[in-house]
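Hydrogens, waters and symmetry mates are skipped; everything else that's a heavy atom, side chains included, is used. Since the model is a prediction, treat every value here as computed from it, not as a measurement. Just so we're on the same page: letters track the sequence lines, and every chain starts at 1.
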Protein chains: 2
Amino acid sequence: MTTQLKHKIPTDFSKTTFYKIDQLSIYIHNLAKNFFELRGVDITHDEFAALNFILNNPNICQRDLAKLLLRDRVRTGRIITSLEEKGYVNRVNNTKKNRLVRTLSITKSGKKLYDEQFSIMSQVMDKILEKFPEQKMVELMDTLLQLETALSEVVEFNI
Amino acid sequence: MTTQLKHKIPTDFSKTTFYKIDQLSIYIHNLAKNFFELRGVDITHDEFAALNFILNNPNICQRDLAKLLLRDRVRTGRIITSLEEKGYVNRVNNTKKNRLVRTLSITKSGKKLYDEQFSIMSQVMDKILEKFPEQKMVELMDTLLQLETALSEVVEFNI
DNA sequence: TAATACATGTTGCATTTGTAACAAAAATAT
DNA sequence: ATATTTTTGTTACAAATGCAACATGTATTA
């Protein structure tokens with residue numbers, strides 16, 4: 001499999017676009033971890049994302065949530081169990097395509113925690129990004145979404 | 001802490017720039033995992049990155065490698081131990097600022113594996129990115145590097 | 001000179017994650 | 001009607017990771 005090179009390929013793995021994104025993700029994870037710890041909030045990055053998806057997709061089932069989180073069914077089950085234990089979500093028996101599934105709904109305290117933390121988190125993120133021209137951030141997001149589309153065509157998750 | 005908003009803040013955590021980067025990272029991890037598995041190469045993403053850093057920074061010590069990898073000293077130690085067991089790197093007693101440290105060097109088979117795998121990996125990555133205008137990729141990388149600088153100013157690693 | 005801090009790396013153990021296998025029930029194919 | 005596949009979610013166990021504590025020795029401070 002050969003391709004015609006359109007730009008100079010880096011010879012240094014650490015300077016590739018993909019590795020750079022991976023490293024940024026490590027920063028972002030640490031930022032989130034510190035953010036929640038500083039605020040004394042017992043929740044992980046994955047759990048917070050799950051809250052977001054459940055809030056915006058009422059009655060979503062575990063497997064569909066796993067697909068949104070890009071995590072497998074087992075890990076997603078643990079995330080849900082943890083959120084349920086903390087009183088942020090409820091598991092509800094439901095049906096999907098006539099099949100019995102257990103769907104998820106966010107609780108009042110779950111929504112309250114999400115709204116409060118995301119409000120402040122937005123300020124933190126905005127503070128970090130305010131030095132960038134707005135247009136640059138819009139273009140970045142556009143490129144990230146296109147990258148996601150491209151990657152989703154070649155990467156398959158066993159979910 | 002309040003900041004003047006310059007652009008519309010998303011109300012959806014999953015649509016923030018930081019979360020998008022995090023999700024792309026999950027794709028990238030799976031891509032790398034599949035890549036090495038498909039090629040029957042027993043190496044992890046972290047280990048491959050470590051090989052790269054050791055190749056480009058001969059005689060680097062464990063702690064400095066940890067800083068480059070953005071991983072803590074314990075995890076980096078495990079990565080090095082695994083690479084040593086596979087015969088890809090050597091631990092060497094050395095001195096740094098008159099202090100006894102164990103520095104790292106890549107072996108012939110380590111360099112061979114890196115060169116071979118990175119050569120093909122580059123083609124895979126280029127194939128995915130070839131649909132993007134070159135200038136867009138250059139701008140993306142530029143923005144990622146600036147983001148990294150911004151994040152490194154607010155996120156501290158305990159290394 | 002002595003005390004303290006820092007740098008480098010390891011150890012031990014608890015927690016988290018990955019993975020295969022399993023269970024139950026519906027959907028699909030024969 | 002029966003067999004097979006698919007979907008959804010859980011269980012069990014091995015492997016990986018996180019974290020605090022520790023060890024050793026140099027550098028810095030008092």
### Query
Does B:Lys33 put a side-chain nitrogen or oxygen below 4.0 Å from OP1 or OP2 of C:dT19?
yes

### Value in whole Å for how far the P atom of C:dG18 lies from CD of B:Glu37
13 Å

### Message
Using modelled atom types and a 3.5 Å cut-off, is there a donor and acceptor pairing between side-chain atoms of B:Asn52 and backbone atoms of B:Phe48?
### Response
no

### Task
For B:Asp72 and for A:Gln62, locate the closest nucleotide of DNA chain D by heavy-atom distance; then report the residue assigned to the nucleotide nearer the 5' terminus.
A:Gln62

### Task
When you get a sec, tell me which of C:dT11, D:dG9, C:dA20 is the closest nucleotide to the side chain of A:Val74?
C:dA20

### Message
Expressed as a whole number of angstroms, how long is the span from A:Leu65:CG to D:dT10:P?
### Response
12 Å

### Message
Can you tell me which nucleotide in D:dG9, C:dG18, C:dA7 comes closest to the side chain of A:Arg73?
### Response
D:dG9

#### Entry: Separation of atom CG in B:Asn94 from atom P in D:dT26, rounded to whole Å
15 Å

### Summary
note: A:Ile159, atom CD1; D:dT8, atom P; distance rounded to Å ~ 12 Å

### Task
Nearest whole angstrom, please: distance from the C1' of D:dC19 to the CG of A:Asn30.
14 Å

### Task
Ignoring the backbone of A:Arg63, work out which of C:dA7, D:dT7, C:dT17 is nearest its side chain.
D:dT7

### Geometric class of the B:Phe13/B:Tyr19 ring pair [parallel <30°, tilted 30-60°, perpendicular >60°]
tilted

### Task
Give the rounded distance in Å between these two atoms: CZ of B:Arg102 and P of D:dG25.
14 Å

### Query
For B:Asn93 and C:dG9, what is the distance between atoms CG and P respectively, to the nearest whole Å?
10 Å

### Query
Should we say atom CD of B:Glu156 is surrounded by more than 12 heavy atoms from elsewhere, each under 6.0 Å from it?
no

### Query
Would you say B:Lys112 has more than 12 foreign heavy atoms packed within less than 6.0 Å of its NZ?
no

### Summary
When B:Arg78 and B:Asp64 are each assigned the nearest nucleotide of DNA chain C, the 5'-most assignment goes to B:Asp64

### Query
Of all the choices, D:dT8, D:dT10, C:dT11, which nucleotide is nearest to the side chain of A:Val101 once you look at every atom?
D:dT8

### Message
At less than 4.0 Å, is any side-chain N or O atom of B:Arg75 found next to OP1 or OP2 of D:dC19? Yes or no.
### Response
no

### Task
May I ask you to verify whether the side chain of A:Arg71 and the base of C:dG18 hold a donor-acceptor pair under 3.5 Å?
no

#### Entry: Base D:dG9 paired with A:Arg91 side chain (donor-acceptor, <3.5 Å)
no

### Query
Between A:Leu69 (CG) and D:dG9 (C1'), how many Å, whole number?
15 Å

## Note on the structure
One should read off an interatomic distance between A:Arg75 CZ and A:Leu70 CG, to the nearest 0.5 angstrom, of 10.5 Å

